[in-house]
Amino acid sequence: MAKKIKSILKLEIKGGEATPAHPLGPILGQNAINIGEFTKRFNEMTKDKKGYLLNVRVLIYEDRSFDIIVKTPKTSDLIKKFAKVESGSKNSKKEIVGNITFAQVQEIAKLKMSDLNTADLDRAIKIITATAKNMGIEVKD
């Protein structure tokens with residue numbers, strides 16, 4: 001028989017950098033989760049995504065056990081990494097802060113496919129391209 005879910009936490013945590021300190025510790029403590037076990041499991045799961053801000057779902061069961069679901073890194077973080085910029089443009093219509101290639105957009109789209117609301121690669125590419133444009137990052141062919 002499947003375990004009954006008590007609650008679901010939606011968190012944003014940097015990959016491989018979970019600590020029991022504020023703000024993560026108090027949130028987990030309020031939900032009766034073993035903080036040490038959580039940080040150890042999370043950091044092990046995300047050691048290859050170190051430094052990326054990740055969307056995380058924590059399924060908490062009535063018996064106080066939990067499962068961690070880690071989503072892919074945020075689209076904007078991936079675009080910034082490929083464009084080698086610290087942040088997007090404050091005014092994307094007038095200021096271009098960097099550029100990425102179409103091949104890089106395809107790579108990001110393939111990586112993000114499981115988290116996007118489409119199963120079509122062409123639509124995923126359009127979503128990534130639009131995000132880059134809104135960040136002031138130009139897509140070059």
Side-chain angles (χ1 to χ4, degrees), residues 1-20 22-141:
M1 190 164 119
K3 296 180 185 179
K4 187 167 181 180
I5 296 175
K6 179 182 169 187
S7 63
I8 300 173
L9 293 178
K10 295 179 181 180
L11 306 169
E12 286 186 347
I13 310 170
K14 282 201 173 190
E17 298 179 13
T19 64
H22 182 74
L24 186 59
I27 293 169
L28 297 175
Q30 288 174 358
N31 289 282
I33 293 179
N34 182 324
I35 299 167
E37 180 186 349
F38 176 87
T39 56
K40 183 179 176 185
R41 279 177 46 191
F42 177 81
N43 288 337
E44 184 62 32
M45 288 172 69
T46 61
K47 63 184 173 191
D48 60 326
K49 297 175 182 144
K50 194 168 185 111
Y52 285 113
L53 190 59
L54 303 170
N55 286 317
V56 180
R57 302 293 179 266
V58 183
L59 304 176
I60 305 168
Y61 302 105
E62 288 186 339
D63 65 356
R64 292 188 176 181
S65 63
F66 60 91
D67 285 324
I68 304 169
I69 300 170
V70 179
K71 303 285 187 170
T72 56
K74 290 184 164 232
T75 304
S76 59
D77 284 354
L78 293 169
I79 291 170
K80 288 188 290 189
K81 178 187 174 209
F82 281 105
K84 296 182 177 83
V85 296
E86 290 292 316
S87 67
S89 172
K90 289 180 177 36
N91 186 350
S92 62
K93 292 183 181 176
K94 294 183 180 178
E95 180 186 9
I96 302 295
V97 294
N99 58 59
I100 57 176
T101 65
F102 186 74
Q104 291 171 323
V105 170
Q106 285 179 312
E107 188 176 336
I108 294 169
K110 288 175 185 172
L111 181 68
K112 293 290 295 178
M113 202 63 144
S114 63
D115 290 342
L116 294 175
N117 60 355
T118 183
D120 181 22
L121 182 61
D122 290 333
R123 288 187 180 161
I125 289 169
K126 287 180 182 178
I127 291 169
I128 304 303
T129 303
T131 302
K133 183 178 177 182
N134 286 331
M135 293 173 64
I137 295 175
E138 192 175 47
V139 177
K140 301 211 175 199
D141 289 332

Ser76: side chain to side chain contact (heavy atoms under 4.5 Å, CB included) partners, not counting sequence neighbours: Lys74, Met135
Indicate the atoms forming the closest heavy-atom contact of Ile35 with Pro20, along with that distance. CG2-CB, 3.4 Å
Taken to the nearest 0.5 Å, the spacing of Leu9 CG from Ile60 CD1 works out to 4.0 Å
Looking only at heavy atoms, which two atoms of Val97 and Ser87 are closest? And how far apart? CG2-O, 3.9 Å
Can you name the nearest heavy-atom pair linking Ile96 to Ser92, along with the distance? CD1-O, 4.5 Å
Check side-chain hydrogen bond (donor to acceptor under 3.5 Å, both in side chains) between Asp63 and all other residues, then give those that pass, not counting sequence neighbours. Ser65
Expected list for residues 42-49: side-chain donor-acceptor pairs under 3.5 angstrom, two or more places apart:
residue : atom : partner : partner atom : Å
Asn43   : OD1  : Glu17   : N            : 3.2
Asn43   : OD1  : Ala18   : N            : 2.8
Asn43   : ND2  : Ala18   : O            : 3.0
Asn43   : ND2  : Thr39   : O            : 3.2
Glu44   : OE2  : Lys47   : NZ           : 2.7
Thr46   : OG1  : Gly16   : N            : 2.7
Thr46   : OG1  : Phe42   : O            : 2.8

Run the side-chain donor-acceptor check on residues 106-119: report pairs under 3.5 Å with partners two or more places apart or on a different chain.
residue : atom : partner : partner atom : Å
Lys112  : NZ   : Thr72   : OG1          : 3.0
Lys112  : NZ   : Pro73   : O            : 2.9
Asp115  : OD2  : Thr72   : N            : 2.8
Asp115  : OD2  : Thr72   : OG1          : 2.5
Thr118  : OG1  : Asp120  : N            : 3.1

Only pairs at least two apart or in different chains count here, so list each ring pair (Phe, Tyr, Trp, His ring centres under 6.0 Å) that has a residue in residues 65-90. Phe38-Phe66
CG of Leu11 to CD1 of Ile68: how many Å apart, nearest 0.5 Å? 9.5 Å
Partners passing side chain to side chain contact (heavy atoms under 4.5 Å, CB included) against Lys140 (at least two apart in sequence or in another chain): Asn99, Glu138
Any chance you could measure Ile128, atom CD1, to Lys126, atom NZ, to the nearest 0.5 Å? 13.5 Å
List in chain and number order the residues that pass side chain to side chain contact (heavy atoms under 4.5 Å, CB included) with Lys133, two or more places apart in sequence or in another chain; answer none if no residue qualifies. none
So which atom in Ile100 and which in Ile79 form the shortest heavy-atom distance, rounded to 0.1 Å? CG2-O, 4.1 Å
Restricting to pairs with a member in residues 83-99, which pass salt bridge (Lys or Arg N to Asp or Glu O under 4.0 Å), not counting sequence neighbours? none
CG of Leu59 to CD1 of Ile5: how many Å apart, nearest 0.5 Å? 5.0 Å
Pairs flagged by side-chain hydrogen bond (donor to acceptor under 3.5 Å, both in side chains) wherever residues 51-61 is involved - sequence neighbours left out: Tyr52-Lys81, Tyr61-Asp67
Side-chain polar contacts of residues 27-34 - donor-acceptor pairs under 3.5 angstrom, sequence neighbours left out - could you list them?
residue : atom : partner : partner atom : Å
Asn31   : ND2  : Ile27   : O            : 2.8
Asn34   : OD1  : Gly36   : N            : 3.1
Asn34   : OD1  : Glu37   : N            : 3.0

